[in-house]
There are 6 protein chains.
Amino acid sequence: MNKLKLKEMLKGFFMEDIGERDITVQSIFTGEERGQFTFLAKENGAFCGEEVIKTGFSLLDETVEIKMHVKDGQLVASGDVIAVVHGNISALLMGERVILNLVQRMSGITTKAHKAVEILKGTKTKACDTRKTTPGIRMLEKYAVACGGVCNHRYGLYDGVMIKDNHIDFIGSVSEAVKLVKAQVGHMVKIEVETSTAEQVKEAVKAGVDIIMFDNCTPEKVKELKKLVPSSIVTEASGGLTLENLHTYRGTGVDYISLGCLTHSVQALDISAKVMIYGGER
Amino acid sequence: MNKLKLKEMLKGFFMEDIGERDITVQSIFTGEERGQFTFLAKENGAFCGEEVIKTGFSLLDETVEIKMHVKDGQLVASGDVIAVVHGNISALLMGERVILNLVQRMSGITTKAHKAVEILKGTKTKACDTRKTTPGIRMLEKYAVACGGVCNHRYGLYDGVMIKDNHIDFIGSVSEAVKLVKAQVGHMVKIEVETSTAEQVKEAVKAGVDIIMFDNCTPEKVKELKKLVPSSIVTEASGGLTLENLHTYRGTGVDYISLGCLTHSVQALDISAKVMIYGGER
Amino acid sequence: MNKLKLKEMLKGFFMEDIGERDITVQSIFTGEERGQFTFLAKENGAFCGEEVIKTGFSLLDETVEIKMHVKDGQLVASGDVIAVVHGNISALLMGERVILNLVQRMSGITTKAHKAVEILKGTKTKACDTRKTTPGIRMLEKYAVACGGVCNHRYGLYDGVMIKDNHIDFIGSVSEAVKLVKAQVGHMVKIEVETSTAEQVKEAVKAGVDIIMFDNCTPEKVKELKKLVPSSIVTEASGGLTLENLHTYRGTGVDYISLGCLTHSVQALDISAKVMIYGGER
Amino acid sequence: MNKLKLKEMLKGFFMEDIGERDITVQSIFTGEERGQFTFLAKENGAFCGEEVIKTGFSLLDETVEIKMHVKDGQLVASGDVIAVVHGNISALLMGERVILNLVQRMSGITTKAHKAVEILKGTKTKACDTRKTTPGIRMLEKYAVACGGVCNHRYGLYDGVMIKDNHIDFIGSVSEAVKLVKAQVGHMVKIEVETSTAEQVKEAVKAGVDIIMFDNCTPEKVKELKKLVPSSIVTEASGGLTLENLHTYRGTGVDYISLGCLTHSVQALDISAKVMIYGGER
Amino acid sequence: MNKLKLKEMLKGFFMEDIGERDITVQSIFTGEERGQFTFLAKENGAFCGEEVIKTGFSLLDETVEIKMHVKDGQLVASGDVIAVVHGNISALLMGERVILNLVQRMSGITTKAHKAVEILKGTKTKACDTRKTTPGIRMLEKYAVACGGVCNHRYGLYDGVMIKDNHIDFIGSVSEAVKLVKAQVGHMVKIEVETSTAEQVKEAVKAGVDIIMFDNCTPEKVKELKKLVPSSIVTEASGGLTLENLHTYRGTGVDYISLGCLTHSVQALDISAKVMIYGGER
Amino acid sequence: MNKLKLKEMLKGFFMEDIGERDITVQSIFTGEERGQFTFLAKENGAFCGEEVIKTGFSLLDETVEIKMHVKDGQLVASGDVIAVVHGNISALLMGERVILNLVQRMSGITTKAHKAVEILKGTKTKACDTRKTTPGIRMLEKYAVACGGVCNHRYGLYDGVMIKDNHIDFIGSVSEAVKLVKAQVGHMVKIEVETSTAEQVKEAVKAGVDIIMFDNCTPEKVKELKKLVPSSIVTEASGGLTLENLHTYRGTGVDYISLGCLTHSVQALDISAKVMIYGGER
């Protein structure tokens, strides 16, 4: 993760929630009181968000002290303490919701990724993510995916080639498309091509791509198409896969299975912050 | 929605996905080809995202022509055409994923909000949202909630007072907290207080707040506490409510029920873009 | 005040004044010299700007030490020491003008607000501000208003409803307009309506708005219209009010009087910085 | 004026006022209605703000049509039409306050500048401005000053040298300070030095500065010091000058008189917008 | 190239040069005059910068009309017309320097890249660029490199792995380093390793990297090391290569030669703008 | 240099290179290791970039300790230690390339500037720079020029008037152009006019400009034209001057010679970073 970028993102998120001021906190507190936040897991899952907690609260309060009890990617049970934060109570209260919103989402993603890994355990197939992330927080969502043990597919349109069906239709053939791409991109960029028929797979093999994706294929079809691909080329199954049907692909031998559901539909992990304000009269 | 703000947000989101360039598109196309995108619902639900489609594609292609077949908040069935977009095909392909990522999330939220409305139909209780939104896109998520017929609670810490249990603990009593707040905020700001006991409710009534929230109470308790509140004060039930247990609160008579689940855990509505590239050899 | 936002604002303001460099300071000083600034009131008034001084100088010099002698909102007499600042003299000199420009304006506003409070003393009528603030520094101007004991009206178009005469003309009636608004906004938003006749006031009362504003009315008319409003609805007089004519509204019994003059026409409070550079030859 | 910069500034100002949405306008209007704004002078003065009106409304509504009846710097009488604007009524209403806030301030400054010019008419002395502007809108305020016929002094710390008393105290003498500066700055930068005694003036003349400023001097003293300066060096009087005492300097023969009051204390010119919404039922 | 990003970059560059205003142009012209710019090559080379000219002038003048006579990457001879631009003359003059500064640099890079291609003509070795670009304009510099026929190496630290000598020293061996990396990155990322001895090359081959770089090796050594690498792994020579010594590597058989000099030391191509202002008295 | 601005610039430059993460470093290191960078000159020249090293690394690692061995503008020989930096090794490695890219360019410029100074030594003619800088880093390039002993010409279009041939053609005469400008700009702005004939020079002298530039003139012509200018007006030769032909202007007596080549064509000074990672097993 790029911490400098995280810092700028968090500034924006705090602006969104705090706006010109926190009316409630600024009416109730003098701004001098100190206190403690205890982040607790309220259900079982896998945690993710250490850097969000650290960078987030530090932005609002330079004096904050944070003790993490859990590391990114680690499993937590309901009731587990995740982190204890001491600092200026006004600052902590102003940051609470934004930080929880991020950490709950990230932990929800890590938890889901972890489940996908469990489902594929014992096979040589790995899960990977997609670009179906929430705009604005892709860095955090891709990081959360990786913390769950799932691989990151390309980050954006800029760091990998993906030749899709409509590109192929337009150009006329897989081999023509690959040729055009190879003439443009350097040796540091991988080329993946979307296929759905045996002909396309054979053509892709011949064209010398790095990854062949089987788009929207049943486990049987994946198994069959996979046989056409030499081991030097990576294979990937994609399209409509969820934690519910993932196990049916266990026997396909495909190298990667990409799961849009990891990020396009997130079930936030329930995490709460128990607040304690240190003595002191107002 | 503030369209000027939407435009700036979309610029940032396109930067995140496109980075320095779209390697694939810029290898395959000359940049001159034109084509058509047809956005289709792939499952039943409620659509939201007209302005995202319009502003988004216009940012990438000033010549784009967009015909909406569905309005924000309208129900769609699997197979329904949502919008048809004509324009520069390179621009459309570069924008596709970001726009779908937003529109699917927004439609997912509107769909969920619509279900909440259905569940409460026939009662005088209304659903409302919370600040449990995805950082960076609260404006879009709150808009999607409203398109589903659910009310917006406050937008941030800046446009409404919410006195919580730990504020009250710190100050000593509901009435003390309300007094402090009233001394600070003007006449344009509403004051809500979180309560969980009959004593607190009575104190809040006496203190003259605008809204009394019953925090984490069973339907029975809500019903009981509600009786302590005169009709001039709005009531709200909050905490742990989901589409699954919402119906159990139908008989409570409470004015509002806030649902964090509308935005903290989103099931994206499946929408896809069918691409057609107009003739033309490369 | 949102200090994170203040920091970003101040960065922009320093950029505006310093540009690529301070030619004079960088020619005269080596960048190592230290010194002291003493901020002094040069006329009587009420001070405002502690956070601007602190955050501003800290941005330019991390080693700065600041001792405030006066708190925000406190009255000062000509000659009073407001703050003493020790630090890198080049940094202090580069920040001086921007900080004075803000603090003098803010103190000018607080002073004016304080005078309004004095004029209304002994009545139950309070003064409030408007959206007639200087673009870009509303947060600071509204804060300065509040430090002078005057209430903040809504912060922007986003945190309160104000139904104006041309809205009403367009829709046809006060009650129609209120109905439309109530169908859209949630329970956390207050609704104010602008009226100028007894009919409109009666209609507004019936429509159940939160605040009724008497627009451009004489004290006599305000008094008369006020009688039509039950005590549960807040009243506000607005339009053309200044510190000169404010006293004529003392007997109207209206709850709030909004004063655009507090921020649209500011008389900066005269504050100067006495500079002392610690020994050291160049 | 840099129009590209103005556009970015206006975006920020609209964000400040509109936030996530204009609750009122979005409840009352469908977003399709069109209408007309007539900007009217409500008091006598000099107008400034054509580009703010044009760029501002264009940002909110690309279809807007604007007809200016008055040019920047032109005198207006109460009741004069300044501009007529046709466009989307929701957009116009959302922009109204921000644009008025700027145009009223700018016109207030131009009006004040115009008065200063009147006071000095018939002498060879010209008025000029200072860096005592409102942070964030210096470009607009300096532009408004110039529209009133008053010269702009330096824009910031970056485009001119001003050697002040505490610089001189630190270095030891005017000539030493000037020597240091001349060794650093190129031939495109003017050098001004602050003086208050005959000795300093003589030293400054000898050091070969471009402008000599007489700081906080009475008209008599200015007259006297001015005699020590050859005509090839520009002279400037500064410090505590207002529209009230400016006439007392008419006979001093000084080249420029700088007036901080032009921008540090602004009396907004009263300008209002008469709204007309074109027919059409909702 | 990402045109949306280019637009934001150009805005920043114009701000840097124009600041608050163009004093000269705004004194000389009324702002209404129109005219023509003819961009001419003043020396032989390869042109690059079409999109900078188009997007740049459009930002300053929406009415501008641009006719390109040369395409990106095309060779030009001294005297050739590159582009003819018609528009508002004040806007064109304000944009001239920034646009020339970019286009001259980009064309200088394309020219140099083109020379590298010429030197390697007839071999199967290709040239590629590095990350030694000017901060802030990498997108433009990498684009210019590609227009000259040279391949782009990775764009940043984010889109490709490069294991360097100090990474290897720290971890202990090439194979350990590659193992660590493979455990983290997905299938869309290429892995390159820096080597300088036969042992390291053999280890890298065994570890299964995508690209092996021979760091700071003589042509002879490159030739020798290259023999140890199977054809399925790409090879690259790097370090201290310039247009002067590049030909000595023609016979090495290496796949890529990376040239930092393409971007770290740029000789701007001389391009000038001939201005014609259309008639019209002022 | 404006350090606040430098900080913001560096943030942007790190974003450009690091993007979402440094894949390599984050795979190899735990993020806890510490180490040392030694910056070494690899060729003779003049160093520039102290503040870039300090501010740059501090942004990435708050704990960094930096010891400079060389000051800005100081000559270095191949092998000289420039700076030693201790800190978090991941942070140092992530920042290395961006910082080297800047420091090498800046030092290249300072070295070139220093050579220009050497060439003009013994005459009263000084070298100065131009606006032919790399967009986005003008502040750094102009600073590097000054560190080499060369004067800065104007920074942008905003801080000095330059009347060019096409302005004069449009207006009709030098004197008309100067008159128009003088009517607009204040006393803090210098006015330079471009001339190429004796008539223009005489007219410029009469018009009372501050600087007269001889555009694209041979040394002989410069010498001749210079004679027409009184010593109170500064003279400048400009156009096509390089380090190669600069000595031919030594005898012209002109005050300044502007050199676009100092910044439009930079030969980076070779500087490298030797990395040492402190013990510690992974």
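In what follows, chains are A, B, ... by sequence order, proteins preceding strands, each numbered from 1. Values below: all heavy atoms of this structure, side chains included; hydrogens, waters and symmetry mates excluded.
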Visitor: With only heavy atoms counted, which part of Lys5(D) is less than 4.5 Å from chain E, the side chain, the backbone, both or neither?
Guide: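 For Lys5(D), the contact with chain E is made by backbone and side chain together.
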
Visitor: Is the shortest side-chain heavy-atom distance between Ile18(E) and Leu4(D) below 4.5 Å?
Guide: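 Of all side-chain heavy-atom pairs linking Leu4(D) with Ile18(E), none is under 4.5 Å.
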
Visitor: Could you report the tightest heavy-atom contact between Arg21(E) and Met1(D), atom names first, then the distance?
Guide: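 That would be CB-N, 3.7 Å.
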
Visitor: Sort Tyr158(D) into side chain, backbone, both or neither according to what part of it lies under 4.5 angstrom from a heavy atom of chain E.
Guide: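 Only the side chain of Tyr158(D) comes within 4.5 Å of chain E.
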
Visitor: When you look at NZ of Lys71(D), are more than 12 heavy atoms from neighbouring residues, nucleotides or ligands closer to it than 6.0 Å?
Guide: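 For Lys71(D), atom NZ is not crowded (no more than 12 foreign heavy atoms under 6.0 Å).
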
Visitor: Between Glu20(E) and Arg138(D), does at least one N-O distance fall below 4.0 Å, as a salt bridge requires?
Guide: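 No, Glu20(E) and Arg138(D) are not salt-bridged.
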
Visitor: Please check if the number of heavy atoms outside Lys11(E) that lie under 6.0 Å from its NZ is greater than 12.
Guide: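 Atom NZ in Lys11(E) is crowded, with more than 12 foreign heavy atoms closer than 6.0 Å.
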
Visitor: Quick check on Leu60(E) against chain D: is it the side chain, the backbone, both or neither that has a heavy atom closer than 4.5 Å?
Guide: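 Leu60(E) touches chain D through side-chain heavy atoms alone.
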
Visitor: What distance do Asp61(E) atom CG and Lys3(D) atom NZ have between them, rounded to the nearest 0.5 Å?
Guide: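 Asp61(E) atom CG to Lys3(D) atom NZ measures 9.0 Å (nearest 0.5 Å).
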
